[in-house]
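Below is one structure, written out as structure tokens; the observations come after it.
Every chain is numbered from 1 and lettered A, B, ... according to where its sequence line falls, protein lines coming before strand lines.
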Amino acid sequence: MEDRKLIELAKDGSQDAFSELVLKYQAKVFSMVLNFTRDRETADDLSQEIFLKAYLALPRFRFGSEFGTWLYRISLNHVRDYLRKAGKRKTVSLEEIGELPTRDESAEMKEKEQVQESRKKLLHQLLEAIPVKYRIVLTLRDIQGLPYDEISRVLRISQGTVDSRLHRARKMLRKKLAPYLSGEGERYAL
Amino acid sequence: MRCNKAETWLLWSSDGRLDAKRRRELDEHLRTCPRCALMEKEYGALRSLLANEGPAEPLPHFLERLKSRFTAEKKSFVLLLWERWCLRAVPVFLGAVLAFGLAVFFLVPPAQDQMAQSGLLFLNGQNPLSETQSILEEGMGEARQMRLIFAAADEADYRGREMP
């Protein structure tokens with residue numbers, strides 16, 4: 001069933017219709033939140049809160065944009081709030097990357113899994129080191145694969161701004177990644 | 001070609017936004033500039049790192065857990081509305097009390113103060129000291145002192161005092 005029909009049914013009080021929307025979008029929302037939180041349980045909890053917010057706000061949805069765009073906007077605002085609160089409690093430095101498991105410590109882990117895990121951790125550490133507004137654009141484009149025009153609609157900024165933020169984000173990330181490419185690249189299979 | 005431009009084109013290229021002509025120019029530059037060639041390698045590694053982040057599935061029974069939260073949320077939503085109403089009602093109540101107080105202060109005329117007996121005598125054109133004056137004019141000093149003492153005792157309850 002199309003999103004529009006499902007939304008209309010959900011607005012009329014059909015929980016089944018909203019459940020279908022949840023099933024359709026849960027992986028997208030969860031993946032995006034996970035990119036910011038790094039923790040699966042936190043991401044799961046935030047995703048549930050996002051769907052609750054969406055459910056409560058659904059009567060105000062006037063089909064001014066696609067449902068996915070609207071849901072992404074709710075998700076990003078929720079994640080921004082979370083990061084603002086979490087940022088006050090915790091700051092992550094790049095030095096923490098040194099604490100990743102080494103080959104000796106994780107002898108029981110398969111090599112491939114270990115490398116994958118290390119790469120993920122490295123990426124998250126690098127992402128956390130760049131400002132949120134750049135991280136959001138980079139996540140939406142390079143991880144979530146959203147087109148420029150949709151990112152522009154989700155963030156309510158021009159495509160030119162999306163382009164310049166993405167450009168700066170990639171530059172920042174490359175600079176932070178460069179030492180690992182020259183020195184420790186092998187450890188992360190880069 | 002300048003290296004800054006090459007970097008921009010590299011990024012456009014990764015988004016598939018670089019036409020064939022510019023791509024050739026860029027390739028030419030990359031062959032001659034080791035710095036930009038290294039940069040291309042680094043961007044390649046970055047892309048590979050980002051591509052590693054595939055879509056993730058939420059924890060099991062996501063929908064079931066969400067449904068149970070909906071039920072709980074509906075109850076707390078009513079409470080939340082009530083809390084919000086109360087939070088708005090408190091300042092409104094205080095504002096109303098303040099407005100009422102100000103209205104009473106400015107609009108209601110003050111009640112007339114009750115005048116003292118001596119004030120009333122003044123208004124009636126009489127001398128309020130006439131009684132004391134007659135005592136002071138008496139000849140005997142001792143009797144005069146006694147009368148002054150009794151007159152002072154009477155002054156405390158001037159309302160009950162007989163008019164001269």
Side-chain angles (χ1 to χ4, degrees), chain A residues 15 18-20 22-23 26-35 40-41 43-53 55-56 115-117 119-120 122-124 126-127 138-139 141-145 147-148 163 166-171 173-178 180-182 185 188-190, chain B residues 2-18 22 26 30 34-81 83-84:
Chain A
Q15 282 210 354
F18 191 76
S19 299
E20 211 166 313
V22 172
L23 287 172
Q26 63 180 20
K28 283 183 182 174
V29 170
F30 179 78
S31 309
M32 198 208 52
V33 177
L34 186 63
N35 284 320
R40 285 182 67 83
E41 282 186 12
D44 191 84
D45 203 37
L46 288 175
S47 303
Q48 295 232 335
E49 286 167 10
I50 287 162
F51 279 109
L52 278 172
K53 268 190 174 180
Y55 183 74
L56 294 173
V115 169
Q116 285 282 90
E117 193 59 29
R119 284 172 64 130
K120 276 191 174 185
L122 172 68
L123 178 65
H124 286 299
L126 293 172
L127 282 172
L138 191 90
T139 304
R141 174 71 195 135
D142 287 348
I143 300 176
Q144 297 284 303
Y148 276 67
D163 194 27
L166 187 62
H167 193 96
R168 287 196 68 182
R170 285 168 172 169
K171 264 186 171 180
L173 210 56
R174 180 185 65 81
K175 278 181 186 162
K176 291 185 188 300
L177 183 68
Y180 298 94
L181 288 168
S182 57
Y188 305 105
L190 294 170
Chain B
R2 293 178 66 177
C3 294
N4 274 348
K5 193 177 179 183
E7 187 172 13
T8 304
W9 283 13
L10 259 177
L11 293 171
W12 285 359
S13 172
S14 67
D15 278 333
R17 297 193 298 154
L18 198 68
R22 283 174 170 176
L26 178 64
L30 292 175
R35 186 171 162 261
C36 288
L38 177 66
M39 196 159 61
E40 188 193 23
K41 194 183 155 197
E42 286 170 352
Y43 276 125
L46 181 60
R47 270 199 305 279
S48 135
L49 204 59
L50 291 166
N52 198 31
E53 289 288 296
E57 284 296 321
L59 301 181
H61 312 295
F62 183 84
L63 187 60
E64 289 74 14
R65 285 183 287 116
L66 184 63
K67 278 180 178 174
S68 65
R69 279 183 83 162
F70 272 137
T71 317
E73 197 71 18
K74 272 181 187 170
K75 285 176 192 166
S76 63
F77 185 64
V78 176
L79 281 173
L80 192 72
L81 280 179
E83 271 178 24
R84 278 184 189 170

Parallel, tilted or perpendicular: which fits the ring planes of B/Phe70 and A/Phe18, with parallel below 30° and perpendicular above 60°? perpendicular
Can you tell which of A/Ser47, A/Ser19, A/Ala43 has the highest number of heavy-atom pairs within less than 4.5 Å of chain B? A/Ser19
Where is the tightest heavy-atom contact between B/Glu42 and A/Leu177, given as atom of each residue plus distance? O-CD2, 4.1 Å
Residue pair A/Val22 / B/Lys67, side-chain heavy-atom distance below 4.5 Å: no
Do other residues, nucleotides or ligands put more than 12 heavy atoms under 6.0 Å from A/Lys53 NZ? yes
Under 4.5 Å from a heavy atom of chain A, the part of B/Ser14 involved: side chain
What residue pairs, at least two apart or across chains, pass salt bridge (Lys or Arg N to Asp or Glu O under 4.0 Å) with a residue in residues 7-17 of chain B? A/Arg141-B/Asp15, A/Asp163-B/Arg17, A/Arg170-B/Asp15, A/Lys171-B/Glu7, A/Arg174-B/Glu7
Quick check: under 4.5 Å, non-hydrogen atoms only, which of residues 58-65 of chain B neighbour chain A? B/Pro58, B/Leu59, B/Phe62, B/Leu63, B/Arg65
Interchain contact, A/Leu123 with chain B, by part (heavy-atom threshold 4.5 Å): both
Chain B heavy atoms under 4.5 Å from A/Gln144: which part of the residue, side chain, backbone, both or neither? neither
So do B/Leu49 and A/Leu126 actually touch side chain to side chain, heavy atoms under 4.5 Å? yes
